[in-house]
Amino acid sequence: MTGVFSEWYKLPMSLSELCINTTLRCGQSFRWQKIPESEEWRCVLYGRLFSLKQDSNHLYYRTYSSDALPTPPSSVLPSRATSDTENNDGKLHTEKPGDDQLVSILKHYLNLSSNLSELYNQWSAQDPNFKKKAAAFSGVRILRQDPWEALVSFICSSNNNISRISQMVEKLCIHYGPFVATIGERVYHDFPAPDALAGKDVESKLRSLGFGYRAKYIYQTAVMVSQEREKGWLNDLCNPESPAFGIEAKAGDEMKPEGRDGYRNAHEKLLELQGVGPKVSDCVCLMGLGWGESVPVDTHVWQIAQRDYRFGKSSQKTLNKATYDAVANHFRKLWGQEAGWAHSVLFTADLRSFADRLATTKKVDVKVKEEESEVKIETEVKTAVALTAPKVEAEVKNEQEKDIVKGTASKKRKAPAESIIHAGHTTETRRTSKRLRR
DNA sequence: TGTCGCCCTAAGTA
DNA sequence: ATACTTAGGGCGA
């Protein structure tokens, strides 16, 4: 089968508004494929193979069309979690030229409506640590992924790494997702719909494919979403201000330290699913449902909170429900309504695979003023390398840099005991624990 | 309410 | 080489 790419179209885009080289590999999406020896990224979205590349002034995009499988009907465009093809596609049947619809899809998926530079400025003004860390990581934007895909992807993410999660998601697409195109050796499928993963033999098949204990979670969640919930159940948990593609935006409710009511509700409902705890639920809320205040707290973020925000040391406190809510609420109060976006910037800055951003390291003495105390500490000054150069990671030069990457450095700072933040003092105790309801 | 052992796998580490 | 740990958790006791 043959096919052809469209010409490249382009959108004006600065790297501070969107850096695809960071955004597409920072662990929020797992399906984007970097073409070797090229700056090009590919992924199937809404049944179409998209291709992206970027320079300092523009984002370039094109799509691929197979001869035997022309542009899919627009009925596939609404989210896969809705197996209803008749009610939700009203806005998608408009007779727009192809490139016009492509740019709508891209602007929606890439979440381009907000001004990211302005958000970085606000977070930096509120938080010196953010300002310091974010310098080398501009253009990290939260994508609007399909809620169902986000749900399954983050069920896969437990006790796992980005590389293997990506492989598992790829297997789901190849074995259960609709075929889209073949280019060279590479076969492109879209992500499977819920009912495609609810078959009787799915669990055993996934186990044989190396999913481990996640196989049961995926199968059980697919059954619940496709058979035991109303159609559109998952999409209805979306932030009304950030709805699924093709749905009208509505006004949202009021922001609170623990998040808006709609966010709390979505978070809670997701906990009913198998294999979904607080962290996975927050990932889906943030990256699939458009709730910007969702702050997923994993072991990594927990370490960041202890290291840079004076939460109790790990030897004293473990990451439990109370500390989870305390950390998330703290970041919501610090960064505001889009706290989850800021969180992702710091998370990315600590990812091992981005060690090449810490190209040169030299020791200097810096006076850092934090709250009342002025502490003289020894710190590292990192100089960013070009953001558009996805080169092979430079070898970690010495133990010091290795520690930075692992997030185990900076035991040098000693914080006053009074300023350590304790979970019980900073958050209202929530009674919404998944386990307590059982 | 908090803590612990267990669940799967593959790559990295000692 | 072989055992152990880690990698963006969740669940039940």
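Worth knowing before you read on, the calculation uses all heavy atoms, side chains too, and leaves out hydrogens, waters and symmetry mates. Remember, it's a predicted structure, so these values are computed and weren't measured experimentally. Protein chains get the first letters and strands the later ones, always in sequence-line order, with residue 1 at the start of each.
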Visitor: Please state how far atom CZ in A:Phe30 lies from atom P in C:dG8, giving the value in whole angstrom units.
Guide: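 Computing the A:Phe30:CZ to C:dG8:P distance gives 9 Å.
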Visitor: Kindly state each residue pair satisfying salt bridge (Lys or Arg N to Asp or Glu O under 4.0 Å) with at least one member in residues 161-178 of chain A, sequence neighbours excluded.
Guide: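 Pairs touching residues 161-178 of chain A that pass the test: A:Glu170-A:Arg186.
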Visitor: So, are A:Arg31 and A:Asp190 salt-bridged, with charged N and O less than 4.0 Å apart?
Guide: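 Yes, charged N to carboxylate O under 4.0 Å.
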Visitor: Regarding C:dG9, can its base be found pairing with the side chain of A:Tyr213 as donor and acceptor, where the two atoms are less than 3.5 Å apart?
Guide: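 For A:Tyr213, whose side chain was compared with the base of C:dG9, there is a donor-acceptor pair (under 3.5 Å).
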Visitor: Can you tell me the distance, in whole Å, between the CH2 atom of A:Trp302 and the P atom of C:dG9?
Guide: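 Answer to the nearest Å: 15 Å.
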Visitor: C:dG8 and B:dC6: how far apart are their P atoms, nearest whole angstrom?
Guide: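 So the two P atoms sit 24 Å from each other.
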Visitor: I'd like the P distance from C:dT6 over to B:dC4, given in whole Å.
Guide: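 These two P atoms come out 16 Å apart once rounded.
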Visitor: When you check the side-chain N and O atoms of A:Thr323 and A:Asn320, is any donor under 3.5 Å from an acceptor?
Guide: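 A:Thr323 vs A:Asn320: donor-acceptor pair found between side chains.
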Visitor: The criterion is side-chain hydrogen bond (donor to acceptor under 3.5 Å, both in side chains); which residues satisfy it with A:Ser14, sequence neighbours excluded?
Guide: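 A:Ser14 satisfies side-chain hydrogen bond (donor to acceptor under 3.5 Å, both in side chains) with A:Ser16 only.
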Visitor: Check the angle between the aromatic planes of A:Phe245 and A:Tyr46 and answer parallel, tilted or perpendicular using the 30° and 60° thresholds.
Guide: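 A:Phe245 vs A:Tyr46 ring planes: tilted.
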Visitor: Which of residues 196-209 of chain A have a heavy atom under 4.0 Å from DNA chain B?
Guide: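 Output list: A:Arg207.
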Visitor: With rounding to whole Å, what would you report as the distance between C:dC4 and B:dG5 at their P atoms?
Guide: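 Each nucleotide's P atom is 16 Å from the other's.
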Visitor: Could you tell me which non-hydrogen atom of A:Leu271 sits nearest to which non-hydrogen atom of A:Ser281, and how far apart they are?
Guide: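 For A:Leu271 and A:Ser281, the tightest heavy-atom pair comes out as CD2-CB, 3.9 Å.
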Visitor: Can a cation-pi geometry be assigned to A:Lys321 and A:Tyr324, taking NZ or CZ under 6.0 Å from the six-membered ring centre and within 45° of the ring axis?
Guide: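 That pair qualifies as a cation-pi contact.
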Visitor: What are the two closest non-hydrogen atoms of A:Arg144 and A:Lys107, and how far apart are they?
Guide: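 In this case the closest contact between A:Arg144 and A:Lys107 is NH2-O, 4.3 Å.
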Visitor: For residues 282-294 of chain A, which residues have at least one heavy atom under 4.0 Å from DNA chain C?
Guide: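 Contacts with DNA chain C under 4.0 Å: A:Cys283.
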Visitor: Quick one: which of C:dG9, C:dG10, B:dT3 gets closest to the side chain of A:Thr299?
Guide: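 Nearest nucleotide to the side chain: C:dG9.
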Visitor: Do any of residues 150-167 of chain A sit with a heavy atom less than 4.0 Å from DNA chain B, and if so which?
Guide: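 DNA chain B contact set from residues 150-167 of chain A: A:Asn159, A:Arg164.
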Visitor: With a 6.0 Å cut-off on ring centres, are A:Phe137 and A:Phe347 close enough?
Guide: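 No.
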Visitor: Using a distance-only criterion (donor-acceptor N/O pair, under 3.5 Å, no hydrogens), is the base of C:dG9 paired with the side chain of A:Lys279?
Guide: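 Answer is no: no donor-acceptor pair is held.
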Visitor: Counting a pair only when it is Watson-Crick or G-U and both distances are under 3.5 Å, which runs of at least 3 such pairs involve DNA chain C?
Guide: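 Output for stems: B:3-7 with C:9-13, B:9-14 with C:2-7.
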Visitor: With a 4.0 Å cut-off, would you call A:Asp236 and A:Lys269 a salt bridge?
Guide: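 Looking at A:Lys269 together with A:Asp236, the answer is no, because their closest N to O distance does not fall below 4.0 Å.
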Visitor: Check the distance between C:dG8's C1' and A:Leu351's CG and give it to me in whole angstrom.
Guide: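 One finds 8 Å between C1' of C:dG8 and CG of A:Leu351, rounded.
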Visitor: Rounding to an integer number of Å, can you tell me how far A:Lys216 NZ sits from C:dG9 C1'?
Guide: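 A:Lys216 atom NZ is separated from C:dG9 atom C1' by 16 Å.
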Visitor: Taking A:Leu18 as the fixed residue, which of A:Thr22, A:Ile20, A:Leu15 is the one that meets the side-chain contact (heavy atoms from CB on, under 4.5 Å) rule?
Guide: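 So, applying the side-chain contact (heavy atoms from CB on, under 4.5 Å) to A:Leu18 and each of A:Thr22, A:Ile20, A:Leu15, only A:Ile20 qualifies.
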Visitor: Whole-Å distance between C:dG10 P and A:Leu270 CG?
Guide: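 The distance from CG of A:Leu270 to P of C:dG10 comes to 11 Å, rounded to the nearest Å.
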Visitor: If every non-hydrogen atom of A:Trp233 is compared with every non-hydrogen atom of A:Val225, which pair is closest and at what distance?
Guide: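 The pair with the smallest heavy-atom distance is CZ3-CG2, 4.2 Å.
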Visitor: Take A:Arg260 and A:Glu293 through the salt bridge (charged side-chain N to carboxylate O under 4.0 Å, His left out) test and state the conclusion after the steps.
Guide: CA-CA 8 Å; A:Arg260 288 165 286 188; A:Glu293 71 264 51; 2.6 Å; yes
Visitor: Measuring from the side chain of A:Thr318 (C-beta onward, heavy atoms only), which nucleotide among B:dT13, C:dG10, B:dT3 has the closest atom?
Guide: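 When the side chain of A:Thr318 is considered, B:dT3 is the closest of B:dT13, C:dG10, B:dT3.
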Visitor: Ring-plane angle category for A:Tyr309 and A:Phe331, please: parallel below 30°, perpendicular beyond 60°, tilted otherwise.
Guide: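 Taking A:Phe331 first and then A:Tyr309, their aromatic rings stand perpendicular (interplane angle over 60°).
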